[in-house]
Amino acid sequence: MATSQPPANPLLSTVRASDSALQVQLHPLVILTISDYITRHTLRQQQGPIVGAIIGQQNGHEITMEHAFECKTQELDTVSDYIVLDDVWFKERLEQFRDVHKAPALDLVGWFTLGPEEGPQAVHVPIMQQLQTNYNDAAVLLLFHPGAIVNGALSGGKLPLSIYEAFTEPSSENRMDEFNGLKFRELAHSVDTSQAEMIAVDFVAKGGGNATAVTAPSSTDKQAAESGNGIGKGKAKATATPPPAATETDALSAEDEEAIASLTAKANAIKMLHQRINLIRAYLSAQPPSYLNDALLASPTPPQGPQQPPQNRTVATATTPNHQILRQILALTSRIPLLTPSDTAAFAREITHQSADVNLVALLANLTKSVVDARAMGRKFAAFERARTDKGNPLGGQDLGLSKGVGVGSGFGSF
């Protein structure tokens, strides 16, 4: 096999991956589980490492990562800082997941944790050896890179993670190192999803706009609540802390929250569209000059004298054209006129008519509601007037003919 220069990370193998290497398919639920785990661990200020297991299917050289769950860890020994999984707890939890996911049958295929972009570190080796020895000798490692998100080093929609396989690679002198020759090699992965996962991801994306941070009540607020609720024989203290004023966020209704979530989703979509357009423009700008529309290249005899071409027409800084990508860009731009109506005036007139119809229906609904409220008001006023009249006449209005409801009350009552 061909070899390359030794990497900066001693745990990374210098042997390149062959064509028959493992192929990993990553599902979105695994990414959501890892993101939720990191978020809860950070906001709750929990101590300890972030470690979890990944279950899926393995068919030959194809591995699918479908579900993940967090794991309980313990120290390997009192001397080193290395950690391993709590074997008793992990066996019970893994058996529970196997019982739940029986069709199709899912089993342990790997584990996840945090790490730098340089690759696995020495602290990751004990857990990998534990999983390969006791559960799956082909377990892989999903390394999530939080530093790439903080530094903003991601581009082109790349996920901040890497997947590695582990194998034993003895040194050239046939000697083992402190980790028994365990080496890691990065694997290529793709993102795959199912219909159920698409629904779940869409639900999470829409609900993200309604998420708000809830601040825990302080000790002062608790004391004020206790003093206000503890009503005894004496009067409540006048120095009780007044309740906090209602903020704008507390006054939001369900419709407002839904509108905010919808607008947030549309803003994210427009932002993503803007990034993709800038990516296409940058790719086209980096293409070499074309002999079809470039006068200097199309001319069989270049003009005499010193001609300094513009920098955007230099071949040295241009990239190699990919005709498949260029055809896709051409197909995309050719479909843009189909989205524009042929008759703009008729389209605007139809939009105006539809808007007028909607406004008319809303006006009729408001008018009907006003009529109903006025009728209810008339009934209440008639009942009040009848009761006041009966109170003023002890005989109940029998001799005066008031029992028939004549007068103002009758007018409103028959509205």
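For the residue pair E165 and L22, the shortest heavy atom distance occurs at OE1-CD1, 3.7 Å. The shortest non-hydrogen separation linking P288 to P321 is CG-CG, 3.6 Å. For the residue pair Q57 and P104, the shortest heavy atom distance occurs at NE2-CG, 3.6 Å. Closest approach of A122 to L11, counting heavy atoms only: N-CD1, 3.7 Å. The two residues L108 and A53 come nearest to each other via the heavy atoms CD1-CB, 3.9 Å.
In this view, R349 satisfies the salt bridge (Lys or Arg N to Asp or Glu O under 4.0 Å) rule with no residue, not counting sequence neighbours. Applying the side chain to side chain contact (heavy atoms under 4.5 Å, CB included) test to N268 and every residue at least two apart in sequence or in another chain returns T264. Annotation: ring-ring contact (aromatic ring centres under 6.0 Å, His included) contacts of F384 (sequence neighbours excluded): none. Remark: Q74 pairs with V84, D86 by the side chain to side chain contact (heavy atoms under 4.5 Å, CB included) rule, at least two apart or across chains. For T193, the side chain to side chain contact (heavy atoms under 4.5 Å, CB included) partners two or more places apart in sequence, or in a different chain, are P28, E197, M198. Not a single ring-ring contact (aromatic ring centres under 6.0 Å, His included) links Y164 to another residue, sequence neighbours left out. Applying the ring-ring contact (aromatic ring centres under 6.0 Å, His included) rule to H41 yields no partners; only residues at least two apart in sequence or on another chain are considered. Here E255 pairs with S253 under the side chain to side chain contact (heavy atoms under 4.5 Å, CB included) rule; sequence neighbours left out. Residues satisfying the side chain to side chain donor-acceptor pair (under 3.5 Å) test with Q47, not counting sequence neighbours, are none.
Distance check, rounded to the nearest 0.5 Å: CZ of F112 to OG1 of T33 gives 7.5 Å. Note: Y82 OH to H124 NE2 = 11.0 Å, rounded to the nearest 0.5 Å. With values rounded to the nearest 0.5 angstrom, F90 atom CZ is found 11.0 Å from W111 atom CH2. Once rounded to the nearest 0.5 Å, the distance linking CD1 of I31 with CG of L159 reads 5.0 Å.
Listed by first then second residue, pairs satisfying salt bridge (charged side-chain N to carboxylate O under 4.0 Å, His left out) with a partner in residues 37-51 read D36-R40, R40-E70, not counting sequence neighbours. Applying the side-chain hydrogen bond (donor to acceptor under 3.5 Å, both in side chains) test to every pair with at least one member in residues 360-374, sequence neighbours left out, gives these pairs: K369-D373.
Remark: of the listed residues H101, Q58, R98, R98 is the sole one forming a side-chain hydrogen bond (donor to acceptor under 3.5 Å, both in side chains) with D107. Residue L26 is tested with I54, L161, T64, I63 for a side chain to side chain contact (heavy atoms under 4.5 Å, CB included); the sole match is L161.
Counting heavy-atom neighbours within 6.0 Å of E75 CD, excluding the residue itself, gives a total of 12 or less.
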Requested in this report: Assess whether side-chain contact (heavy atoms from CB on, under 4.5 Å) is satisfied between H67 and L29, documenting all intermediate values.
Outcome: CA-CA 6 Å; H67 296 276; L29 289 181; 3.9 Å; yes
Query raised in the report: Taking it one step at a time, do L279 and Y283 satisfy side-chain contact (heavy atoms from CB on, under 4.5 Å)?
Result: CA-CA 6 Å; L279 179 62; Y283 179 78; 5.8 Å; no
Report task. Begin from the C-alpha positions of E66 and H27 and carry the test side-chain contact (heavy atoms from CB on, under 4.5 Å) through to its verdict. Result -> CA-CA 5 Å; E66 303 184 21; H27 285 247; 3.9 Å; yes
Requested in this report: Test I163 against M65 for side-chain contact (heavy atoms from CB on, under 4.5 Å), laying out the working first.
Outcome: CA-CA 11 Å; I163 300 178; M65 296 182 172; 4.2 Å; yes
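With contacts defined as side-chain heavy-atom distances shorter than 4.5 Å, the pair P120/T113 does not qualify. In this structure, N134 and L131 have side chains that are not in contact, with every pair of non-hydrogen atoms separated by 4.5 Å or more. Inter-residue side-chain proximity for H274 and N278 is flagged as met; some heavy-atom pair is nearer than 4.5 Å. Taking 4.5 Å as the limit, some side-chain heavy atom of L182 sits within range of a side-chain heavy atom of Q132. Taking 4.5 Å as the limit, some side-chain heavy atom of M272 sits within range of a side-chain heavy atom of Q275.
A donor-acceptor contact closer than 3.5 angstrom is absent between the side chains of D357 and H353. In the model, Q96 has a side-chain atom that pairs as donor or acceptor with a side-chain atom of R93 under 3.5 Å.
Between the side chain of E385 and the main chain of A383, no donor-acceptor pair closer than 3.5 Å is present. In terms of modelled atom types and a separation under 3.5 Å, the side chain of T73 and the main chain of L85 share no donor-acceptor contact. For the pair N136 (side chain) and G110 (backbone), a donor-acceptor distance under 3.5 Å is absent. Although no hydrogens or angles enter the test, the distance criterion places no donor-acceptor pair under 3.5 Å between the side chain of S262 and the main chain of E258. Looking only at distances, no side-chain donor or acceptor of T133 sits under 3.5 Å from a matching main-chain atom of Q130.
Ring geometry for F69 against F97 counts as parallel: the plane angle stays under 30°, on a 0 to 90° scale with 60° as the upper cut.
A salt bridge links K91 with D87: the closest approach of a Lys/Arg side-chain nitrogen to an acidic carboxylate oxygen falls below 4.0 angstrom.
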Enumerate donor-acceptor pairs with a distance under 3.5 Å from any side-chain N or O in residues 138-148 to protein atoms, sequence neighbours excluded.
from, atom 1, to, atom 2, distance (Å)
H145, ND1, G115, O, 3.1
H145, ND1, P116, O, 3.1
H145, NE2, S162, OG, 2.9

